[in-house]
Amino acid sequence: MAAQTVDTTWMWHPLFTEERSDTAGLFVHFRRTLVIHKDIPASLRVYLTADTRYKLYVNQQLVRFGPVKGDRSLWFTDEVDLAPYLVRGNNHLRVHVLRFFYATAYASSFPRLPSGGVRIVPVDPDDLWAKRVQSSQLWETAIDPTTVLRIDEPEDHFLNIYEKSIPVPSDQWTWEPARLLEFQSSTGLSPPWKLVDRMIPDMQRTPVTLKALHNIESCVAREAWKAQLISPEASKSTLHLPAHSTHSVDLECPSHVTAFLSLHFARPSTSGSRVTLNYAESYEDQPTLVPYLRRKAGRLDTTKSIHGPRDIFELQGSECVQHLGYDKNEETDEIIEPFHFRTFRIIRLQIQVGSADLFFKGLEIEAVSYPLDILASISVSPQGQEAEGLWNTSVRTLVNCMHDCYEDCPFYEQLQYAMDTRSSILFTYYVSGDDRLARQAIVQLGNSFQPCLGLTSSRAPTHQPQVIPHFSLFWIGMLYDHMQFFADRAFLRRCVPIADAILAYFADKIDPDLGLVVTRDEPGVWHFHDWADEWRPYGIPPAVTRTGVSTYTNCLYAYTLQLASHLQRYCLGRDAVADEYIQRSRKVATGIRRHCFDGEYFTDSLSAGSDSTLDRSQHGQVWAVLCGAADDGEASENLLRRSLDPSLAPLPTGKLVQASIAMSFYSLRALSKVGGTVYDDLFHAFWEPWHAQLALGLTTWEEDSVSQRSDCHAWGAAPLYEFMAEVVGLRPVEPGWSAIEFQPRVALYRELKATVPFRTGCDGEYQLCLADISWTRKDPGDTVVSLRMRGLQRKSPVRLYIGSLPERKVEGDKEITLTISREGIWSVF
């Protein structure tokens, strides 16, 4: 058989052009009718993907939306079975495509390749039914003349998903036979999209009911609006909006949400009415700088303003209608349905009615997110309500930042940053035992590696790569975490050479006299540290800018060398390289102690010439402990207590620069590492900023307390990890949970009940297990602790280390009852 030389599986509009400056992209519609005269096929499976995004409808039902965000290294394709949606007779197949223009910086959250396209091919090449719907000129296509993707929205610097739609006469819609794109597929050439099957499950969709209405400005009574939008019978009613009237109403959801929207109006006789949807995470004062510096207090203070991006829709009316086949009510209804999901807690709905009366039939909200199965749980006493608030808000925040990738904040960016994602992944492991989105994130960030530089992108996938060297080190941390939780050598082995190259980038910058990494400004490289107020606008300590030496950089490098040594030893068996990494780490730690410690604190840069009122931060103390530069034992415990205890008076020589919410996870890791009582002593006070957010009415954790840009950012969900790994105290100490440590912090709560999920096994073969933990402490008296392990395989026992007790092997379902005396002595019943 002759080798195929041309790939014609992609189709596109024959006249599509990206030579427009008024929009970030365009919508393109595809339609096809499939006639079934007799029996409906038992299955009709196709692979479907598009550049940039698609929604697939069959007989006016939304069947699938995608693809998962990819890039030129991996472009994801979906397998879809159309058969369940088919009927005898005519079947209407529709694909709604969002294409972002390639040669612009708009929509940096959405990677795309130079050409748009839709690809539909049979899963089984011999499936005759599937061949009838594959990419071909039998598909008709039209460029949407009504809608642009807004580039004039000051609140939107990353997404460009917000729409402005105006009516156009029906005769301006032109349907053309699709053109098959031709790509050489021999001599090592292929289409630009490197296709792979999706790595994650489909998104989950859940109906949402509004909680309340605010700030109603309308000639229609408040009770009528409530009956239409909140009443269980709302779908059966219609709200009459008189001609030439204007209406404004704020819609409040029960909590922050990411969701698809659909508004229905009885189709008016004429065009001229306008609907504006203004999305916000809260009420707030006039921002200092949109969107980056906000002034927020009580999030539901309805006397304040709404600030956020907007969709603007002008209704078509009967004279401009174009039936696209996306909704069963298109014949009678005018439907507003933004293509991409929206993020909000408040929507300000504004309606300007034209010359004909308008009849509002209702609003549908459908939350959409990654289908995270929350298996973990915790309840405590006393302070149960406070713990419940921390836990539930953290779960909600994490879920709202998980879609087809981990997201730094769904409201503004929807980008997968390595530092943020490492924390989110660990939170995911502990609440669900699910690593599918984590695997995808590891692959995507690894694929962003730039050999000429020796670093990964700080974020991936993205249309606009960005380089933050520290974030490459956090990616190595992801590899180590996956090794500990899943022990999949085959998966990690391909990543370790990239980790080696990243570490070489930092090794090449070691100053031989100092023994420290020295960095200078490089084109296209941002040496971001943290969002501390004193380090704005670029998140870099002033001393680091002056000297090129960063204590944080060197500590993070030394810390990561230690993690990488375990990867080398476990994944590749390279003991010599692992030992070399440990030696490198120790040398850097020695340089930090020698040159970056002023006798009282670690300074942000070289201690010689540092200003004690400006050049000290919590970051330096935390990371010196984590990398081993700080003295072990009581000295490190005292250092952290002086640095992190909010009850201590400010230092006479000046207050330490505060670590952000993003860094809180690592502050807690340092407190845990030093031992002693400092973690327990500071635990409850540590969460005061989180409790303050709840008191302000947040339902998800804010990005940071300084800029207050976003009210939903998953790096704030640290309580998920702390309750499971530290309070309950269940941790893997060897890859794949083959050895487990159980060190509960029983002093923190008198009573506790919790469930922790984990997966034992290695190299892709895992068993989901659950650990049920409970304890009761008598005051004064012993604490009785129960640990029940469920789901362990008898053929693969795990080693269990409990407190100070000897190692024991556990297999099958096993329950262990322990006591801990007031003196800390462990014993087994």
Side-chain angles (χ1 to χ4, degrees), residues 418-419 422 425-426 429 435 438-439 442-443 445-446 449 451 454-456 469-510 512 515-517 552-593 623-630 632 666 669-670 672-673 731-741 760-764 798-799 801 807:
M419 177 189 173
R422 186 197 179 194
I425 285 174
L426 283 168
Y429 291 164
D435 75 328
R439 283 174 175 265
I442 289 169
V443 169
L445 286 159
F449 178 71
L455 295 170
T456 59
H470 300 130
F471 283 28
S472 293
L473 297 175
F474 285 110
W475 178 75
I476 297 174
M478 289 186 211
L479 306 183
Y480 171 82
D481 300 335
H482 197 276
M483 178 190 74
Q484 288 295 96
F485 280 78
F486 296 96
D488 193 336
R489 289 185 182 89
F491 173 65
L492 295 173
R493 197 172 289 133
R494 73 194 79 169
C495 302
V496 175
I498 301 174
D500 293 344
I502 292 167
L503 295 170
Y505 166 89
F506 291 90
D508 289 344
K509 292 176 168 47
I510 294 284
L516 296 173
V517 174
Y552 168 70
T553 299
N554 281 277
C555 289
L556 179 56
Y557 172 52
Y559 165 86
T560 309
L561 282 166
Q562 297 167 28
L563 304 186
S565 71
H566 294 287
L567 290 166
Q568 288 285 350
R569 210 178 299 278
Y570 180 78
C571 297
L572 299 177
R574 293 177 176 171
D575 292 344
V577 177
D579 292 341
E580 177 195 336
Y581 282 177
I582 294 297
Q583 290 303 314
R584 280 200 220 172
S585 177
R586 289 172 178 167
K587 288 180 180 178
V588 173
T590 298
I592 295 167
R593 280 194 297 273
W623 284 97
V625 168
L626 287 175
C627 78
D632 291 334
Y666 295 97
R669 300 287 63 70
S672 175
K673 180 181 177 181
R731 295 184 288 263
V733 292
E734 290 187 10
W737 295 82
S738 57
I740 301 173
E741 179 182 48
T760 59
C762 64
D763 299 329
V798 301
R799 300 193 309 282
Y801 300 91
E807 170 195 319

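When reading the values below, keep in mind they use all heavy atoms of this one structure, side chains included, and skip hydrogens, waters and symmetry mates. Nothing fancy with the numbering, it's 1 onward along the sequence.
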Check whether [X] reaches the backbone of [Y] with its side chain - one donor and one acceptor, N or O, closer than 3.5 Å.
{"X": "K587", "Y": "G515", "value": "no"}
{"X": "S472", "Y": "T456", "value": "yes"}
{"X": "K509", "Y": "V517", "value": "no"}
{"X": "R574", "Y": "Q568", "value": "no"}
{"X": "W737", "Y": "G761", "value": "no"}
{"X": "R593", "Y": "A624", "value": "no"}
{"X": "T590", "Y": "R586", "value": "yes"}

Worked verdict on F506 versus I510 for side-chain contact (heavy atoms from CB on, under 4.5 Å):
CA-CA 7 Å; F506 291 90; I510 294 284; over 6 Å; no

Ring centroids only, cut at 6.0 angstrom: are Y666 and F474 within range, meaning strictly under it?
yes

Step by step, work out the side-chain contact (heavy atoms from CB on, under 4.5 Å) result for I498 and W475.
CA-CA 10 Å; I498 301 174; W475 178 75; 3.7 Å; yes

Apply the test side-chain contact (heavy atoms from CB on, under 4.5 Å) to residues L567 and I476: give CA-CA distance (whole Å), side-chain angles for both, the deciding distance (0.1 Å), then the verdict.
CA-CA 9 Å; L567 290 166; I476 297 174; 4.1 Å; yes

Hey, are H482 and D435 close enough side-chain-wise for a donor-acceptor pair under 3.5 Å?
yes

Decide side-chain contact (heavy atoms from CB on, under 4.5 Å) for F491 and V443; before the verdict, give the C-alpha distance in whole Å, the side-chain angles of both, and the deciding distance to 0.1 Å.
CA-CA 9 Å; F491 173 65; V443 169; 3.7 Å; yes

